[in-house]
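Each chain gets a letter, A, B and so on, in the order its sequence line appears, and its residues count up from 1. These numbers come from a predicted model, not from an experiment.
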Amino acid sequence: MPELPEVEVVRRSLVELVAGKKIIDVNVGWPKIIKRPEQYEQFQDALKGQTIHDVDRKGKFLVFLLDDYSLVSHLRMEGNYRLQKTEDPVDKHTHVIFRFSDGKELRYRDVRKFGTMHLFSKGSEWTVPPLSNLGPEPFSDEFTFEYFKGKLMKTERSIKGVLLDQTVITGLGNIYVDEVLFRSRIHPLRIANTLTDQEILELREQASTTLKESIDAGGSSVNTYMNSHGLSGTYQNELKVYGRKDQECYRCGAAVQKIKVAGRGTHFCPTCQANT
DNA sequence: ATCCGCGCCTGGACGC
DNA sequence: TGCGTCCAGGCGCGGA
C-alpha cells in the first residue's frame with residue numbers, strides 16, 4: 001500500500017514519463033473513481049487538449065499540473081500508473097486511460113478500485129478537500145515540536161491512531177507508523193497526551209528519517225507496489241516489525257506481536273515498546 | 001466538536 | 001478439489 005515514500009517514488013517516475021505530453025482523449029471505465037466533477041464525462045471532456053507540465057505531491061496525494069487544471073490522484077491501496085502504447089493489451093484492472101498525442105497512453109490500474117481522482121481548476125486544489133485537510137509532512141518546516149506536541153496533548157487517542165490521522169501529520173500509513181513507533185520505542189496503544197517531550201522529539205525525528213530512508217531505497221514493495229517504471233523498491237527488506245508477527249525482534253529477540261489498534265493490524269515488540 | 005466504525009473493493013489465505 | 005468465509009486497508013461519511 002503506497003504511503004508517502006512510495007508515492008514520492010511514483011511521482012518522480014511520472015515526471016520522467018509524462019511531463020510535456022498532451023492529452024488527446026480520456027477514457028474512464030469505472031466512474032466511481034472520479035470524485036470531481038460529479039459527472040465523469042465532464043472529467044473526460046475537460047482534460048482533452050491539456051498538457052501535463054509537472055507532477056506534484058502532498059502526503060499520499062499526487063497532483064498532476066495541467067494547463068488549466070490540477071488533477072489530484074490518490075492511489076489508496078493498490079493504484080498504479082503505467083505508460084504504455086495504445087496497441088498494448090489493456091488488462092481488466094485498468095480503469096482510467098489518458099491517451100497522448102504521441103501514441104502512448106498513461107493507464108491507471110487499481111485492482112481494488114479504491115483510488116480516487118479529483119479535478120480542480122488550477123491553483124484552487126489547495127483550498128478545498130481533500131488537500132486542504134492535510135497536516136504537514138514529517139520533514140516539513142511546519143512540523144515543529146510545538147505544533148506536534150500541541151496536537152498530541154489535546155487528545156486521548158492512541159498514538160498510533162493519531163499518527164495515522166492525515167490532518168495531524170500527512171504521509172504515514174499503517175506500515176510506517178508501526179516502524180516509526182518501533183524505532184521510537186513507543187507502544188502503539190500509548191495514549192497520546194501522556195507522551196514526554198523526549199518521546200515527542202524522538203517520534204518527530206524517526207518519522208522524518210524513516211520516510212527519507214525509504215524514499216532513498218525506492219520505497220517498500222509490499223504486495224503489489226511498483227513505481228511507474230515497473231520497478232520494485234527495496235525498503236521492505238529494512239522493515240523491523242511490520243509483517244514480522246511471531247518472528248524475533250531484531251533488537252532484543254522477543255517475539256514480535258500483532259494486535260489491532262485503531263482498526264488496523266499493528267506490529268510491535270512487547271519488550272522494546274513496553275511503555276503503554 | 002470529536003471520534004469511532006462502517007462501506008467501498010478484490011484476491012489470496014484459510015478451514016472444512 | 002471446491003466452496004465459503006475472513007482479512008487486508010486509506011479515507012469519507014454518518015451517527016454516537
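Residue A/Asp165 is the one, among A/Arg264 and A/Asp165, whose nearest nucleotide of DNA chain B lies closer to the 5' end (criterion: closest heavy atom).
A/Phe114 qualifies as a stacking partner of the B/dC8 base, centre to centre under 5.5 Å and near-parallel within 30°.
With hydrogens and angles left out, the side-chain atoms of A/Ser220 and A/Tyr176 include a donor and acceptor closer than 3.5 Å. Residues A/Gln50 and A/Asp68 have side chains that bring a donor and an acceptor to within less than 3.5 angstrom of each other. If you check the side chains of A/Ser73 and A/Tyr108, you find no donor sitting under 3.5 Å from an acceptor. In this structure, a donor-acceptor pair under 3.5 Å is absent between the side chains of A/Asp110 and A/His95.
Close to C/dA8, at under 4.0 Å from its OP1 or OP2, lies a side-chain N or O of A/Lys260. A sub-4.0 Å separation between OP1 or OP2 of B/dT10 and a side-chain N or O of A/Lys113 is present. The phosphate of B/dT10 has neither OP1 nor OP2 within less than 4.0 Å of any side-chain N or O from A/Lys92. Between A/Lys258 and the phosphate of C/dA8, there is a side-chain N or O to OP1/OP2 separation shorter than 4.0 Å.
The listed nucleotides are C/dC11, B/dC8, C/dA8; the one nearest the side chain of A/Lys32 is B/dC8. Closest to the side chain of A/Arg76, from the set C/dA8, B/dG11, C/dG12, is C/dG12. Among the nucleotides C/dG12, B/dT10, B/dC4, the one closest to the side chain of A/Arg157 is B/dC4.
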